[in-house]
There are 2 protein chains.
Amino acid sequence: MDRKVTTIQDVARAAGVSTATVSRTLAKPSVVAKTTREAVLTAVAETGYRVNATASNLRRQRTGSVIVLLPNIANPFFAQILAGLASVLTPAQYGMLIADTQSGPDPDERLTHYLTSGQADGLVLLDGTLSPEALEIPGRPPVVMACEWMGRDLPSVRVENGRGAAMAVGHLARLGHRAIGHVTGPQGNVLAETRLKGFRGAMEAIGLPLHEEWILEGDFTMDSGAAAARAWLTMEDRPTALFFASDEMAAGFMGLVQRAGIRVPQDLSIVGFDNIEIAQHLSPALTTIRQPRTHIGVRAAELLLSMIETGTRTGPSEVIEVEFIPGGSAGPPPPARS
Amino acid sequence: MDRKVTTIQDVARAAGVSTATVSRTLAKPSVVAKTTREAVLTAVAETGYRVNATASNLRRQRTGSVIVLLPNIANPFFAQILAGLASVLTPAQYGMLIADTQSGPDPDERLTHYLTSGQADGLVLLDGTLSPEALEIPGRPPVVMACEWMGRDLPSVRVENGRGAAMAVGHLARLGHRAIGHVTGPQGNVLAETRLKGFRGAMEAIGLPLHEEWILEGDFTMDSGAAAARAWLTMEDRPTALFFASDEMAAGFMGLVQRAGIRVPQDLSIVGFDNIEIAQHLSPALTTIRQPRTHIGVRAAELLLSMIETGTRTGPSEVIEVEFIPGGSAGPPPPARS
DNA sequence: CCTTCCCATGCAAACGATTACATGCTGGTC
DNA sequence: GACCAGCATGTAATCGTTTGCATGGGAAGG
């Protein structure tokens, strides 16, 4: 029966029309007469015809898919952004191709590869550590960055990172903390740097002393949060509160210091960033800054689709609001010793 | 310059050969003479030619991509499996298309769609709740299931779920627990049912009493773990230990009972399943059963690729070992009251 | 020197759709 | 009745590759 795939020719024969009419019936039903339209649709149903996407794409000079390039697929942080992207791309009939920049030897080379391979009509870039030069390819498809950003001409969708940091510091200061530290993201990462700058700015604005040794470097992972915890435990003069550039680091830190007998928030206050799912299920629940990741994905996808449709290479960037999420991990500082 | 894309014709002209030779040079370099091969490669480099994947796929009757169909993209549990899949598919020059079954109205319809749309050469299925009938499509591409399974003819890659449950129960029993409960995954899920069966089997084998009211239903999420915690807190006769069908539920449960003043493991012992990243960063670290998710993804991808290459629709299933991960969340039961 | 064979290459037909352009028909207007 | 407009449909070129078959030339063997 269905041994060979049915083509548009088969449908045309069955309906007694030309292939052109079949194609038109499926693409713009309004231009064909009602009777023929019905005949064609019946023939389609009978033969079980499905249009061959590859052939269609070849003729229409498009691919029908979008590549999402992220630093590391295994990082659950991106899962929700992917969900947001998919919720827009799927209804718009675009496939979502996932690739990461870490698995190969040269991340920039991967980007170039995907930009020139013609495998996609557009690209969503979630890795801000790539070099902007890799994007300077004539005739490349449109690119949108999400979460991170670089250069000024590349459209991006991101949150108010600096303001989030300021909200965290402000909250801790209002609780009475004066000795506030920060655990950063990886050096060279624009998110990490912006949050650090936001932290410094807020400390200065409030008039709190800034101890450079209270700024610990992390890389957004739980393990690096735990490493920061080990460093904090050995400090002679410890900050009474810490703002983390990511919830993952905050969680890794909190777990380790709790196992070392430190009480949160009685001995130490903690504020994270992102509001990942586990945050509210920790004990105590994590006080954090919410970053609406699904929404970021949605907006990035919408932006990219509009660029694909209009053929633009550049577009407006969008900055999305953050929200303060109170938890139990931040409280008043312990009474001063000595 | 690069206004129009360069085609194989341009390269052929530049190298002074036919398009056939160019194609052969790129596909099987061994069949063309050394001198011509070099001339072609030079021309390719000069013109910046990239083969048009769509045209190539059309001619070769393939798509060069694989669809991964999962219940919910936002679930971080799948992120590591995706990483495993990608680590095999990318080097093999296959694109990885991601789609979920939840976003549309009818999950089965989505599966049918992807099986018939001819958008992929193969499909990795991570959702075992779909009906097997949806797979009975003549001429469909090969399908491999990962983590879950259904039917007997569909190849799958999964872990020893029953054995993992038995390991958990055995550990708790050796610590002295006799009152052991279980929080299950969602009804109808094959993983949930197998782990539940493993739990019942182990309890019986060891000779421990089974209280049906100590078997709480969850759905693998942290929220459902928290809900189970609320139920446990209201129980008059509480189990002293709980085995959870997922780490997420265990984490959600532990957070809530800890905030209610319960001490883990002094008052209650907890064992999870999966060994998600957060497990070892909780306080106490979660005792759990490790499921090597990256490896599952790797094996599933390898299996699928071999099926694509050989044109088989069926293949061997594979069951991967689990590993007991000791943590701090399981300890001896509290001394009996009254 | 003549076969025979094989190797490297070219020719041209697919792959399956879309769409600009041509055509034929219907119906309205003067 | 002639003419024109406009609509529905058909014809055929095209998208960029891959690959079965044909071809030509050189080497090897007699």
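Just so it is clear, the values below take in all heavy atoms, side chains as well, and ignore hydrogens, waters and symmetry mates.
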Undergrad: Once each nucleotide of nucleotides 10-21 of chain C is scored for protein heavy atoms under 4.0 Å, what B/S/- sequence comes out, 5' to 3'?
TA: BBBBBBBBBBB-

Undergrad: Is any side-chain heavy atom of V68(B) closer than 4.5 Å to one of L97(B)?
TA: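 No, too far: nothing below the 4.5 Å cut-off.
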
Undergrad: Do R293(A) and F78(A) meet the cation-pi criteria used here (NZ or CZ under 6.0 Å from the six-membered ring centre, within 45° of the axis)?
TA: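 Verdict for F78(A): no cation-pi partner in R293(A).
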
Undergrad: Are side-chain heavy atoms of N189(A) and F220(A) found at a separation under 4.5 Å?
TA: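 Counting from C-beta outward, N189(A) and F220(A) do come under 4.5 Å.
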
Undergrad: Is the backbone of A33(A) close enough, under 3.5 Å, to the side chain of T36(A) for a donor and an acceptor to pair up by distance?
TA: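 Checking the backbone N and O of A33(A) against the side chain of T36(A), a donor-acceptor pair under 3.5 Å is found.
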
Undergrad: Looking only at the side chains, is there a donor atom on one of D121(A) and T63(A) sitting less than 3.5 Å from an acceptor on the other?
TA: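 A pair is found: one side chain offers a donor N or O, the other an acceptor, under 3.5 Å apart.
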
Undergrad: Should V159(B) and E321(B) count as side-chain neighbours, where that means a heavy-atom distance under 4.5 Å?
TA: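 V159(B) does not reach E321(B) side chain to side chain.
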
Undergrad: Find the bend of the helix from dC1(C)-dG30(D) to dC30(C)-dG1(D) as the angle between its two terminal axes (five pairs each), to the nearest 10°.
TA: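 It works out to 50° between the end axes.
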
Undergrad: Quick one, V32(B) and V40(B) - any side-chain contact, counting heavy atoms below 4.5 Å?
TA: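 No, too far: nothing below the 4.5 Å cut-off.
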
Undergrad: Take the protein atom NZ of K34(B) and the nucleotide atom P of dA8(C), then report the distance between them rounded to whole Å.
TA: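 It works out to 13 Å between those atoms.
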
Undergrad: Please tell me if the side chains of L111(A) and D127(A) come closer than 4.5 Å, counting only heavy atoms from C-beta onward.
TA: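 When only atoms from C-beta onward are counted, D127(A) and L111(A) do not touch, as no gap falls below 4.5 Å.
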
